[in-house]
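Notes follow once the structure below has been shown.
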Amino acid sequence: MAVRIIPLGGLGEVGMNAMVIEEDGRRVLVDCGVLFPNDQVLGVEVAIPELRYLREAGGLDAVLLTHGHEDHIGGLPSVLREFRVPVYGTRFTLGLLRERLVELGVSAPLTEVWPGERFQAGPFRVEPIRVTHSIPDAVGFALETGEGILVHTGDFKIDLTPVGGERLDIARFAEYGKAGVAALLSDSTNAEREGFSVSESAVAEAFARRFGEARGRIVVALFASNVYRVQSILDLADKLGRRVTLAGRSLCTNVRIAETQGLVDIPDGVLLDVDKAAGMPPEALIVLTSGAQGEPNSALARMATGDHRHLRVEAGDTVIFSSRAIPGNEIAVGQIANRLAKRGAVVVDRAFDPIHVSGHAQMEEQKMLIDAVRPRHFVPIHGEYRMLLAHARTAIRMGLSAADVFVIEDGEVLSIESGQMRLGAPVPSGRVWLDARGGLDVSELVLREREVISEQGMVLVLVVADRKTGEVVRGPDLLARGVAHFDEGSELHARARQNAEEELARLSAPMRTLAPALEDALSRGVRAAFAHRERGKRPAVLPIAMLL
């Protein structure tokens, strides 16, 4: 029986990582994350992978989690509502997941695993392998299958001086390489970048320089999950005699979980409740905040507009963006940075200092892992298509045959049978957009309607008719929002009203007693008024018929 590798997300985009490994009609899911939308997807918070294949295939046996970033665990509540299966992950990963599941009222059996200790998940014997990433307790997985070992790296980098002391276990990867690996599935996020990634320890050194120069408040915007960086800042604050306050729910939650698990050591007297921060002299305070991606409701955004209840930014303060803008967020991040600058703050981003480093391997590190594992087949994962291609080219330069390197996207299927990997028939895949992370999915039709309204405006047309006779009592009345040259008294407004009246007049009296018939007539009339504008905007039309 063939082993099948089926990506439902993460291959063709940065985020929404979800990989199915299947054998003998049984399957495990490695990660299930979210994708954060760009400005073109209006009014939604995240996307999660479409799960139709799992439903049609007959379900799921288990979930394996590589680490606790949202693009790897954020979609799990939706999975676990449908498939109540065991979830295997390291301690910190499960701590973050547990918090989310409790919040959403979802239950599932969570099982803690440790690097080097094998366990059974569905049809596979699995071993977690320690990797270094920008979050604690990250692992890759080696899965024993009927077609040999599959190695899934998760997200990784090779950092010889990590702040958290968790080095990637290159020796264990090499041991699997000597034993024989059927396929390596490897993180491609930084595959286009030559050389080696910068160590997290370099960030601590850059912070020390910047903090020493700062005279007012220091505000550091960072990813809430990067507790290694939080530890570096807490230690620096202790040396400098400053107090630290945390702003942002996710940041407070992650630090609390990390402290409980011994991953963060908070020096005595350094941490300060946010409601007491307003009374601190500016030169004595460091603010760690969420909002590094320009989120409009974040603590940083509220500080930038002066709307935060307890915290403020003033002239002479230093604001450090210790992050890289996720593609699509650059404009939002720039807007917040400009608002902070207008308030007199000195704004520092990673262009000036290594105040942020990536948690993903670059080209030379990827070569090192490929050399250690020496796989029979290679599959680049986690990244946009050009990133996958760049990683594939690296693998070929490392000696793999081009015929054994497979660049695939979401929904495409790879099968390994009798030692050979082949591309199989695709399966259903896609995205489900959510208005909130806990649910409330948004259809493609709703998204298209939002796009039309945002770009072309909307015309509301109202008519009131007698329920018994069909006589029009009032209307049609027209109200436009976001439509140019449609003021009352304009030629276009008059034409739209006249067309609507004519369409209503064509209806028989019995038809005018039916709201759907009235609304169809109103819609036809108003749309006809815009039909002659070949290159102009054609707004959304919202007809409303009231029967009295």
Side-chain angles (χ1 to χ4, degrees), residues 17 19 21 28-33 62-69 72-73 76 86-98 109-122 124-145 148-187 197 199-200 225-228 231 254 257-258 260-264 359-361 365-366 368-375 381-382:
N17 301 289
M19 177 71 73
I21 310 295
V28 301
L29 179 64
V30 182
D31 294 335
C32 187
V63 176
L64 309 177
L65 298 180
T66 61
H67 64 283
H69 278 147
H72 290 259
I73 68 169
L76 269 181
V87 179
Y88 299 92
T90 54
R91 189 182 183 197
F92 188 62
T93 302
L94 293 186
L96 298 178
L97 176 62
R98 187 177 291 109
L110 307 182
T111 302
E112 188 174 332
V113 298
W114 295 267
E117 296 190 10
R118 298 181 185 180
F119 61 94
Q120 191 72 27
F124 307 114
R125 191 75 175 162
V126 181
E127 180 184 337
I129 307 174
R130 173 72 66 197
V131 300
T132 306
H133 191 38
S134 56
I135 188 171
D137 270 0
V139 294
F141 290 110
L143 295 87
E144 299 177 15
T145 79
I149 301 294
L150 302 185
V151 173
H152 186 300
T153 67
D155 286 350
F156 78 96
K157 68 185 292 185
I158 298 178
D159 188 344
L160 299 181
T161 56
V163 170
E166 297 176 339
R167 294 183 183 177
L168 179 142
D169 192 350
I170 193 72
R172 190 60 183 142
F173 280 105
E175 288 172 3
Y176 273 108
K178 291 177 183 177
V181 170
L184 172 63
L185 287 63
S186 189
D187 174 23
S197 62
S199 171
E200 180 67 27
S225 59
N226 200 333
V227 297
Y228 296 140
Q231 182 68 70
N254 290 0
I257 293 171
T260 300
Q261 297 185 4
L263 296 169
V264 168
H360 300 272
E365 297 154 83
Q366 292 169 345
M368 290 174 65
L369 194 69
I370 293 170
D371 184 60
V373 175
R374 303 175 187 176
I381 61 173
H382 300 175

Taking the side chain as C-beta and beyond, is there a heavy-atom pair between [X] and [Y] under 4.5 Å?
| X | Y | answer |
| --- | --- | --- |
| Val87 | Thr111 | no |
| Pro162 | Lys157 | no |
| Val30 | Thr66 | yes |
| Val181 | Phe173 | no |
| Leu65 | Leu76 | yes |

Where [X] and [Y] come nearest, the two heavy atoms and their spacing:
| X | Y | result |
| --- | --- | --- |
| Ala121 | Val126 | CB-CG2, 4.1 Å |
| Leu94 | Gly89 | CD1-O, 3.5 Å |
| Ser186 | Thr153 | CA-OG1, 3.4 Å |
| Gly122 | Ala62 | N-CB, 4.3 Å |
| Gly68 | Leu96 | O-CD1, 3.6 Å |
| Arg130 | Pro115 | NH2-CG, 3.4 Å |

Handout entry: Electrostatic pair Glu175-Arg172, nearest N-O below 4.0 angstrom
Key = yes
Hey, what do you get for [atom1] ([X]) to [atom2] ([Y]), rounding to the nearest 0.5 Å?
| X | Y | atom1 | atom2 | answer |
| --- | --- | --- | --- | --- |
| Arg98 | Ile257 | CZ | CD1 | 8.5 Å |
| Asp371 | Gln366 | CG | CD | 13.5 Å |
| Ile135 | Thr90 | CD1 | OG1 | 8.5 Å |
| Ile381 | Asp31 | CD1 | CG | 8.5 Å |
| His152 | Asn17 | NE2 | CG | 7.5 Å |

Output yes when a side-chain donor or acceptor of [X] lies under 3.5 Å from a complementary backbone atom of [Y], and no otherwise.
| X | Y | result |
| --- | --- | --- |
| Glu365 | Ile158 | yes |
| Glu200 | Tyr228 | no |
| Glu144 | Gly148 | no |
| Asp137 | Phe92 | yes |
| Asp159 | Thr132 | no |

Exercise for the section: Give me the ring orientation class for His72 and His67: parallel if the planes are under 30° apart, tilted from 30 to 60°, perpendicular past 60°. Expected result: tilted
Exercise for the section: Under the side chain to side chain contact (heavy atoms under 4.5 Å, CB included) rule, what do Leu143 and Val28 come out as? Steps first, then yes or no, please. Expected result: CA-CA 10 Å; Leu143 295 87; Val28 301; 4.2 Å; yes
Handout entry: Passing candidate, side chain to side chain contact (heavy atoms under 4.5 Å, CB included) with Glu127, options Phe141, Tyr176, Phe119
Key = Tyr176
Practice task
Output, in order, the C-alpha distance, side-chain angles, deciding distance and verdict of ring pair (Phe, Tyr, Trp, His ring centres under 6.0 Å) for His360 and His382.
Solution key: CA-CA 10 Å; His360 300 272; His382 300 175; 8.1 Å; no
Practice task
Decide yes or no on side chain to side chain contact (heavy atoms under 4.5 Å, CB included) for Ile21 and Leu64, but give the supporting numbers first.
Solution key: CA-CA 10 Å; Ile21 310 295; Leu64 309 177; over 6 Å; no
